[in-house]
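To start, the structure itself, in structure tokens.
We name chains A, B, ... by the order of the sequence lines, and we start the count at 1 in each one.
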Amino acid sequence: MARILFFGRLRDIAGCAMMEYAACASLLELREALARENPMLGEALDDPSVRVAVDQAMVGREAPIDGAAEIAFMPPLSGG
Amino acid sequence: MRIRITPDRFSPEQILAEFLGAYREEAGACATFTGLCRGGAVRWLELEHYPVFTEGRIAAFARPIADTLLDLLIVHRVGRVAPGEAIVFVAALASHRAEAFAAVETLMDYLKTDAPFWKREMTDLGSTWIEPTALDIERRTRHEETNT
């Protein structure tokens, strides 16, 4: 199982900040699985402005996630 | 360099006094920036972050800036922030003013677009997530061009 985190507006769309999810081989596979359960979330995660961190490291959108413990989906950042 | 993320309301004056209290012989300039929660229609702002990851990402872009300074302090609020309260405070200590001013400006441009915070504004009409503007992104890109 992997922990999936949603931040900002993605949390609203997902309806939760965190969920446990069966391990997937790649981010693409995970996004497709999430989209099947929540099409709106799938659409939001497909937006190229959404960044992803796997086990606290930024990765590309198609990165492998085999064995990852924590996957975070982050909409555009806005500090300050 | 110090990075502090806090859910508690803070006083920029008090933090600055402590920062300047540590006397540094070489210090000739201190530039600061305080970002405030605007009032008007806004009832409050809510900021969230990704613990550990947020501190790490800020450290990554702040480190090269801190290397041009004697010291650098970044304080950032999370949680609910009321109008008039400080959201962010940055202080850059340098030998001369040019490095201090430049550091604060560059750092703020990075904080706006590259620091993992998410900000929601609550008004009487409901809540809206705030995302960086085209100008924020342009300002931050300018530093990248300068550095390459």
| said: Can you classify the ring geometry of B/Tyr50 versus A/Phe7 as parallel (below 30°), tilted (30 to 60°) or perpendicular (above 60°)? | reply: tilted
| note | B/Met1 and B/Asp71 have their tightest heavy-atom pair at N-OD1, 3.5 Å
| said: So which residue, B/Thr128, B/Val52, B/Leu47, ends up with the most heavy-atom pairs under 4.5 Å with chain A? | reply: B/Val52
| Partner chain A: residue of B/Lys112, B/Arg120, B/Arg77 with the largest heavy-atom pair count (under 4.5 Å) | B/Lys112
| query | Hey, is the main chain of B/Ser95 close enough, under 3.5 Å, to the side chain of B/Arg24 for a donor-acceptor pair? | reply | no
| remark: Honestly, the part of B/Val90 sitting under 4.5 Å from a heavy atom of chain A is neither
| If you count heavy-atom pairs under 4.5 Å between each of B/Ile87, B/Leu111, B/Val88 and chain A, which one has the most? | B/Leu111
| query | Are the charged groups of B/Asp114 and B/Arg57 less than 4.0 angstrom apart, N to O? | reply | no
